[in-house]
Amino acid sequence: LTHFVFSIAMFIGHRRAQLIQKGKPVGILTRALFRVASFFVLNSIKSIFGKKILFLVSGSAPLRKEILDFFHACDLLILEAYGTSENIVPIAMNRFSDFKLGSVGKPLIPNSVKISYDGEVLIQGASVFKGYLNQNNAQLFSDGFYHTGDIGSFDAQGFLSLKGRKGDVFKTSTGKKLSSLEFEATFKQIPYVDIAVTIGENRKAPITVITLNFTLLAQALGVPIDNLWNTITGSLGPFVIKKITHDLEAKNANFPN
């Protein structure tokens, strides 16, 4: 019963959050149901962060989209931001009234941000440093823009999304430029995937090698950890392989053939 009530509350929370994210009005019925869901379930989660919390800001590393969606469903908006040590002003940030989950928001004043021909994020502004002490900084700057080493892109609404570091980008034998971090982060969204490493330079298609967290795999399969090996090698072995294959193929569907 507790699981059922929680699932219903989260469904209502996600419904409300999706409408807000799409800029659509939240109807009277959804607002009423959300108040009920908040009273019985969601406020218990939100209160952990304080009774007066309005939003949270996250930076330094990307958050998984499902984490952002989960907390937004609980009426806890996490605004991701982006900055570097070489710039004393954050480069970009989502605003409370202007955000897109999964992006790092829009550039902040006084930053001027553009994307180079190879996808690198370039920054110009009074808050950007002049260079490292006692080093040749010529390669760091071009036309007055600081080269961050981060790969990103702007969407039609002006939101900046980061795809990884320039050093993590490789080119396949067909000429496609891909980010190993994008593959690895996607497959690690599967709870029981422990480590993911991608190779693809000069290959027709990239390959991601993964290792499994057997404790979390046992939980996903609903079996005791002590009985996991017998489950894998026994009559349920094909089911385990089918489960893992299904989860991997679902994530792999996000990428080109």
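The figures that follow rest on heavy atoms only: side chains count, while hydrogens, waters and symmetry mates do not.
- When all heavy atoms of Met10 and Cys74 are compared, the pair lying nearest together is SD-SG, 4.1 Å.
- Of all heavy-atom pairs between Glu182 and Phe255, the closest is O-CZ, 3.9 Å.
- Ion pairing between a basic and an acidic side chain is recognised when a charged N comes within 4.0 Å of a carboxylate O; Asp118 and Lys166 show such pairing.
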Problem set entry | Candidate pair Arg16 and Asp75, rule salt bridge (Lys or Arg N to Asp or Glu O under 4.0 Å), full reasoning | CA-CA 9 Å; Arg16 172 182 175 272; Asp75 198 28; 3.3 Å; yes
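- Residues meeting the salt bridge (Lys or Arg N to Asp or Glu O under 4.0 Å) test with Asp194, sequence neighbours left out: none.
- In this structure, Phe99 has its ring center at least 6.0 angstrom away from the ring center of Phe159.
- Using modelled atom types, no side-chain atom of Glu80 and backbone atom of Val57 make a donor-acceptor pair closer than 3.5 Å.
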Problem set entry | side-chain contact (heavy atoms from CB on, under 4.5 Å) between Ser116 and Phe145, intermediate numbers included | CA-CA 10 Å; Ser116 69; Phe145 280 82; over 6 Å; no
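- Expressed to the nearest 0.5 Å, how far CD1 of Ile20 lies from CG of Leu101 amounts to 10.5 Å.
- No salt bridge links Lys251 with Asp247; every basic N to acidic carboxylate O contact stays at or beyond 4.0 Å.
- At least one side-chain heavy atom of Val89 sits under 4.5 Å from a side-chain heavy atom of Pro110.
- In plain terms, the two heavy atoms of Pro206 and Phe183 that are nearest each other are CG-CZ, 3.6 Å.
- For the 3.5 Å distance criterion, the side chains of Ser127 and Asn87 qualify, holding a donor opposite an acceptor.
- Cluster annotation: Leu178 is not connected to Ile207 through the hydrophobic network of ILVMFWY side chains, with a link wherever side-chain heavy atoms come within less than 4.5 Å.
- The side-chain hydrogen bond (donor to acceptor under 3.5 Å, both in side chains) search around Asp155 returns Lys100, not counting sequence neighbours.
- Atom NZ of Lys106 has more than 12 heavy atoms from other residues, nucleotides or ligands within 6.0 Å.
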Problem set entry | Check against side-chain contact (heavy atoms from CB on, under 4.5 Å), Asn230 and Ile232 | CA-CA 5 Å; Asn230 291 333; Ile232 295 175; over 6 Å; no
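- For Gln139, the CD atom is loosely surrounded, since the number of other residues' heavy atoms within 6.0 Å does not exceed 12.
- The OH atom of Tyr82 lies 12.0 Å from the OG atom of Ser161; values are rounded to the nearest 0.5 Å.
- Under the 3.5 Å distance criterion, the side-chain polar atoms of Thr148 are left unmatched by any main-chain donor or acceptor of Leu122.
- The closest donor-acceptor contact from the side chain of Asn43 to the backbone of Ser38 lies under 3.5 Å.
- To the nearest 0.5 Å, the span separating OG1 on Thr231 from CG on Leu221 amounts to 7.0 Å.
- Donor-acceptor pairing under 3.5 Å is recorded for the side chains of Tyr132 and Glu86.
- In the hydrophobic clustering of this structure, Val36 groups with Phe6; members are Ile, Leu, Val, Met, Phe, Trp, Tyr whose side-chain heavy atoms approach within less than 4.5 Å, directly or through other members.
- Hydrophobic clustering (side-chain heavy atoms under 4.5 Å, transitive across Ile, Leu, Val, Met, Phe, Trp, Tyr) groups Val104 together with Val113.
- By the criterion of side-chain heavy atoms lying less than 4.5 angstrom apart, applied directly or through intervening Ile, Leu, Val, Met, Phe, Trp or Tyr residues, Val26 is grouped together with Phe39 in one hydrophobic cluster.
- Under the 4.5 Å side-chain heavy-atom criterion for grouping Ile, Leu, Val, Met, Phe, Trp and Tyr, Leu79 is connected to Leu63 within one hydrophobic cluster.
- Of all the heavy atoms in Thr208 and Ala196, the pair that sits closest is CG2-CB, 4.0 Å.
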Exercise. Between Ile45 and Phe70, does a side-chain contact (heavy atoms from CB on, under 4.5 Å) hold up when you go through it step by step?
Worked result: CA-CA 11 Å; Ile45 300 173; Phe70 172 84; 4.1 Å; yes
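- Relative orientation of the Tyr146 and Phe129 rings is perpendicular, given thresholds of 30° and 60° on the angle between their planes.
- Separating the CD1 atom in Ile244 from the CD1 atom in Ile190 is a distance of 9.0 Å, to the nearest 0.5 Å.
- Through direct or relayed side-chain contacts under 4.5 Å between Ile, Leu, Val, Met, Phe, Trp and Tyr, Leu133 connects to no other residue.
- When all heavy atoms of His72 and Ala17 are compared, the pair lying nearest together is ND1-CB, 3.5 Å.
- The closest donor-acceptor contact from the side chain of Ser47 to the backbone of Lys51 lies at 3.5 Å or more, if one exists at all.
- The environment of Lys188 atom NZ is sparse: at most 12 non-hydrogen atoms of other residues, nucleotides or ligands sit within 6.0 angstrom.
- A donor-acceptor pair under 3.5 Å is formed between the side chain of Arg64 and the backbone N or O of Gln189.
- For Phe49 and Phe71, the ring centers are positioned less than 6.0 Å apart.
- Across all non-hydrogen atoms, the minimal contact from Thr198 to Ser180 is OG1-O, 3.8 Å.
- Side chain of Asn111 to backbone of Pro90: a donor-acceptor contact under 3.5 angstrom is found.
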